[in-house]
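One structure below.
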Amino acid sequence: MSNQVNSMNKGLTVKDLVTTGIFTALLFVFVLVGGVFFATNPVLTFFMPAGGGLLAGPIYLLLIAKVHKRWSLSIMGVIMGIIWFVTGMHWAFALGYMIMAIVADFVAGAGQYKSKKLNSLSYIVFFVDPNGWAQTMLGNGTEQSYIDTMQATANTGILIAMFVAVIITSAISAFVGCKMLKKQFEKAGITA
């Protein structure tokens, strides 16, 4: 028991950082695949985070199970934010990823990365971030008609629906991820 407590108090090891990097790459791919179908339509673009959140839950929760130490989720969020910014997303979108990843890290850390409920809540928090990017997208070559349609659609109701959809899809994905961890990964001895 004391070895387990001591390993929790130590910082991230090289193995932890490599594992975090691998899972960050996987998470990015799953978020991209889940959100790409919404991103191409200006009316549905608000639901891109919900689509991304639907697929990535098992990856996120497996990262927590493999590296249950402070700052792993924060590092993942910072890398994701940088990737989104470099690929042309608005700085507020990237900053939202970074901030919410740090908040998610503290939520999961409140249960020492062992509580399925807090880890699931951490995942939901990770996907609720700000998304105000019209001017940057226009500057990066997005057509004005896309921006106009998007802004015409962006009323209070659609923004509320976007946040509700993100929470629901992330909760579903976290639930599936918890079931997968228990059924597949824990029995196989893959989780730490």
Side-chain angles (χ1 to χ4, degrees), residues 3-36 48-87 89 93-129 131 166-192:
N3 282 343
Q4 187 178 15
V5 172
N6 287 338
S7 70
M8 289 293 292
N9 291 333
K10 291 182 181 178
L12 295 169
T13 65
V14 172
K15 179 183 175 189
D16 296 335
L17 293 172
V18 169
T19 302
T20 300
I22 291 168
F23 279 92
T24 299
L26 286 171
L27 188 89
F28 180 74
V29 169
F30 276 70
V31 168
L32 199 60
V33 168
V36 73
M48 184 183 139
L54 183 62
L55 297 180
I59 302 297
Y60 182 93
L61 293 172
L62 188 55
L63 170 63
I64 292 174
K66 294 290 286 178
V67 183
H68 37 271
K69 295 180 182 175
R70 178 81 64 207
W71 305 120
S72 178
L73 297 175
S74 298
I75 291 169
M76 179 192 62
V78 168
I79 292 170
M80 292 280 290
I82 290 169
I83 291 171
W84 284 123
F85 182 73
V86 169
T87 57
M89 293 305 262
F93 185 81
L95 183 62
Y97 251 95
M98 293 177 189
I99 290 171
M100 296 314 287
I102 293 168
V103 171
D105 202 341
F106 280 96
V107 169
Q112 296 184 339
Y113 303 92
K114 299 288 185 188
S115 168
K116 289 182 182 181
K117 288 180 182 178
L118 286 177
N119 290 347
S120 296
L121 179 61
S122 166
Y123 179 68
I124 293 167
V125 166
F126 179 74
F127 271 92
V128 179
D129 64 12
N131 187 5
V166 168
I167 290 169
I168 290 171
T169 59
S170 297
I172 290 168
S173 188
F175 176 77
V176 170
C178 285
K179 293 294 183 189
M180 286 178 69
L181 279 175
K182 184 168 185 76
K183 185 174 183 180
Q184 303 297 328
F185 300 116
E186 287 177 5
K187 287 182 182 176
I190 294 174
T191 60

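What you see is a predicted model; the values in this text were computed from it and never measured.
For the pair D105 and S74, the tightest heavy-atom approach, listed with the atom from each and the gap, is OD2-OG, 2.8 Å. Here the closest heavy-atom approach between residue V166 and residue A50 is recorded as CG2-N, 3.6 Å. Across K66 and T19, no two heavy atoms sit closer than the pair CB-CG2, 4.1 Å. Taking both residues in full, the closest heavy atoms of A94 and F85 are given as CB-CB, 3.7 Å, listed atom of the first, atom of the second, then distance. L55 and S173 get closest at one heavy-atom pair: C-OG, 3.9 Å. Summarising the geometry of M48 relative to G35, their closest heavy-atom pair is CG-O, 3.4 Å, with the distance given to 0.1 Å.
Of the inter-residue distances, the one linking L61 atom CG with L181 atom CG reads 5.5 Å to the nearest 0.5 angstrom. Taking CD1 of I82 as the start and CE of M98 as the end, the distance is 4.5 Å to the nearest 0.5 Å. For the atom pair SG of C178 and NZ of K117, the computed distance is 10.5 Å after rounding to the nearest 0.5 Å. Rounding to the nearest 0.5 Å gives a distance of 11.5 Å between CG of L62 and CG of N119. Rounding to the nearest 0.5 Å places CD1 of I102 at 10.5 Å from CE of M100. Rounded to the nearest 0.5 Å, atoms CG (L73) and CD1 (I64) are 4.5 Å apart.
Sparse packing is recorded around CZ of F30, with 12 or fewer heavy atoms of other residues, nucleotides or ligands lying under 6.0 Å away.
The shortest distance between side-chain heavy atoms of Y60 and S122 falls below 4.5 Å. Contact check for L27 versus L63: no side-chain heavy atoms found under the 4.5 Å cut-off. Between L12 and I75, some side-chain heavy-atom pair lies under the 4.5 Å cut-off. For the pair F106/L118, no side-chain contact is recorded, criterion being any heavy-atom separation below 4.5 Å from C-beta on.
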Next item on the list: Using the side-chain contact (heavy atoms from CB on, under 4.5 Å) rule, take Y123 and V107 through it: C-alpha gap first, then chi angles, then the decisive distance, then the call.
Entry: CA-CA 9 Å; Y123 179 68; V107 169; over 6 Å; no
Margin query: What verdict does the side-chain contact (heavy atoms from CB on, under 4.5 Å) test give for F28 and T24, after you've listed the backbone C-alpha separation in whole Å, the side-chain angles of each residue and the deciding distance to 0.1 Å?
Written below: CA-CA 6 Å; F28 180 74; T24 299; 5.6 Å; no
Next item on the list: Would you please test Y97 and I79 for side-chain contact (heavy atoms from CB on, under 4.5 Å) and show each step?
Entry: CA-CA 9 Å; Y97 251 95; I79 292 170; over 6 Å; no
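Residues D16 and T13 have side chains that bring a donor and an acceptor to within less than 3.5 angstrom of each other.
Counting only distance, with no hydrogens or angles, the side chain of T87 and the backbone of W84 share a donor-acceptor pair below 3.5 Å.
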